[in-house]
Amino acid sequence: MKKTTLLSVILLIALASCRHKEKYDATGIFEANTVTVSAETGGKIVSLAIEEGDSLAIGQQVGLVDTTLLSLQRKQLHSQQLSTEKSSPNIAAQAAALRSQIAHQQNECDRIKRLLANGAATQKQSDDANAQLRTLRGQLEGLLSTLDKNRSSITESASALQYQKEQIEEQIRKSRITAPITGTVLQKYAEQGEYATPGKPLFKMADLNGIYLRSYFTASQLAHIRIGQEVTVIADFGGDEQYEYAGKIIWIAQESEFTPKTIQTQDTRANLVYAVKVAVENDGRLKLGQYGEVRL
């Protein structure tokens, strides 16, 4: 009787082992789309208040590259811009005297015209008065043209200074280190007090709420999978602890690759496999680099 019971237990264990080996169609590793945040300007890192594992919101400022010199340059450009704008000529004020003379000369021409009609003035007096009026009007036209050109030149200079100031302000904005996505800090590459150069990696982060299992299927299995297909993902936490998740195939590789050493396939003779991404909603338990299985 004891022998029969022991034999039954052994058979049950063997059967369970066989079932466990046959219950997956592909295996893989959990991954996520990562973003490496790099410095956009050069200078001393004044602050970088993050640690690996921190959760960040998109747009959240987490650090700053020194902006002292940039701020001084912006102030200098602002002063130059104000000085340039103040040097712009007041056309109305500078032309007022000539306009007054023209108005007076016009009245004089009208008076001489009346006198000429009554025979109290000569034609020469009328011609001289009209010539003087034309001269004053010519002077006004020349003055207005000169002042208009000067004002246009000054306006262009002020605009150029404004563009330079906006460039400085953009550099100051880029000196603020912010999170490009909502996610978790995976690795930190720089520390406060270090010198940053444009393009230097500062930290890496990823959105761990929506991760995917990069699994591998053999060529013979491709006919049974398609993008958008619902599958079951089994996360292995070691030992007998496993959890099932709903997954969806979001990407299938167009080219095969050699089977990674850490990956198992149903067909142990298969040398080439196709990578497939299966999206999974993370409940907080799944970790990057963790082993998982796919069941169609």
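Computed from a prediction, not measured in an experiment: that's the story for all the values here.
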What's the shortest heavy-atom distance between Tyr245 and Ala235, and which atoms?
CE1-CB, 3.8 Å

Do side-chain atoms of Glu293 reach the backbone of Ile234 as a donor and acceptor pair under 3.5 angstrom?
no

For Tyr189, ring pair (Phe, Tyr, Trp, His ring centres under 6.0 Å) partners two or more places apart
none

Backbone N/O of Thr84 and side chain of Ser87: donor-acceptor pair under 3.5 Å:
yes

Got Thr27 and Tyr216 here, is their nearest side-chain heavy-atom distance under 4.5 Å?
no

Counting only heavy atoms not in Lys248, do more than 12 sit closer than 6.0 Å to its NZ atom?
no

Below 4.5 Å, heavy atoms only, C-beta onward: do Val62 and Thr178 meet side chain to side chain?
no

Within 45° cone of Tyr243 ring axis and under 6.0 Å: Arg285 NZ or CZ:
yes

Please check if the side chain of Glu156 supplies one atom and the backbone of Ser153 the other of a donor-acceptor pair under 3.5 Å.
no

Could you check whether atom CD of Gln254 has more than 12 heavy atoms from other residues, nucleotides or ligands sitting under 6.0 Å from it?
no

Report the distance from atom CG of Leu140 to atom CG of Leu144, rounding to the nearest 0.5 Å.
4.5 Å

Any chain of hydrophobic side-chain contacts (each under 4.5 Å) joining Leu98 to Leu133?
yes

Is any side-chain heavy atom of Thr232 closer than 4.5 Å to a side-chain heavy atom of Val294?
no

For Glu257, I'd like to know if atom CD has over 12 heavy atoms of other residues, nucleotides or ligands within 6.0 Å.
yes

Within a strict 4.5 Å, meaning less than it, do heavy atoms of the Arg226 and Ile249 side chains meet?
no

Thr182/Gln60 under side-chain contact (heavy atoms from CB on, under 4.5 Å): CA gap, chis, key distance, verdict:
CA-CA 9 Å; Thr182 296; Gln60 178 180 343; over 6 Å; no

Is Glu255 atom CD crowded by more than 12 heavy atoms from other residues, nucleotides or ligands, each under 6.0 Å away?
no

So how far is it from Arg74 CZ to Thr67 OG1, rounded to the nearest 0.5 Å?
8.0 Å

I'd like to check Ile172 versus Ser71 (side-chain heavy atoms, cut-off strictly below 4.5 Å). Are they in contact?
yes

Regarding Asp110 and Arg114, does a basic nitrogen lie under 4.0 Å from an acidic carboxylate oxygen?
no

Are the side chains of Ser175 and Leu70 in contact, using a 4.5 Å heavy-atom criterion?
yes

Using a strict threshold of under 4.0 Å (side-chain N to carboxylate O), is an ion pair present between Glu244 and Arg295?
yes

Within the structure provided, determine whether His104 and Gln101 are in side-chain contact (heavy-atom separation under 4.5 Å).
no

Checking the side chain of Glu108 only, and the main-chain atoms of Ala129 only, is there a donor and an acceptor separated by less than 3.5 Å?
no

Please assess Phe30 against Leu286 for the test side-chain contact (heavy atoms from CB on, under 4.5 Å), listing each intermediate value before the final yes or no.
CA-CA 8 Å; Phe30 285 100; Leu286 299 177; 4.0 Å; yes

Strictly below 4.0 Å, N to O, side chains only: are Lys44 and Glu194 in salt-bridge contact?
no

Is any side-chain heavy atom of Gln105 less than 4.5 Å from a side-chain heavy atom of Cys109?
yes

Would you say CD of Glu281 has more than 12 non-hydrogen atoms from neighbouring residues, nucleotides or ligands within 6.0 angstrom?
no

Gap between atom CD of Glu31 and atom CD1 of Ile211 - 0.5 Å precision:
9.5 Å

Using 4.0 Å as the upper bound for N to carboxylate O, is an ion pair formed by Glu52 and Lys188?
no

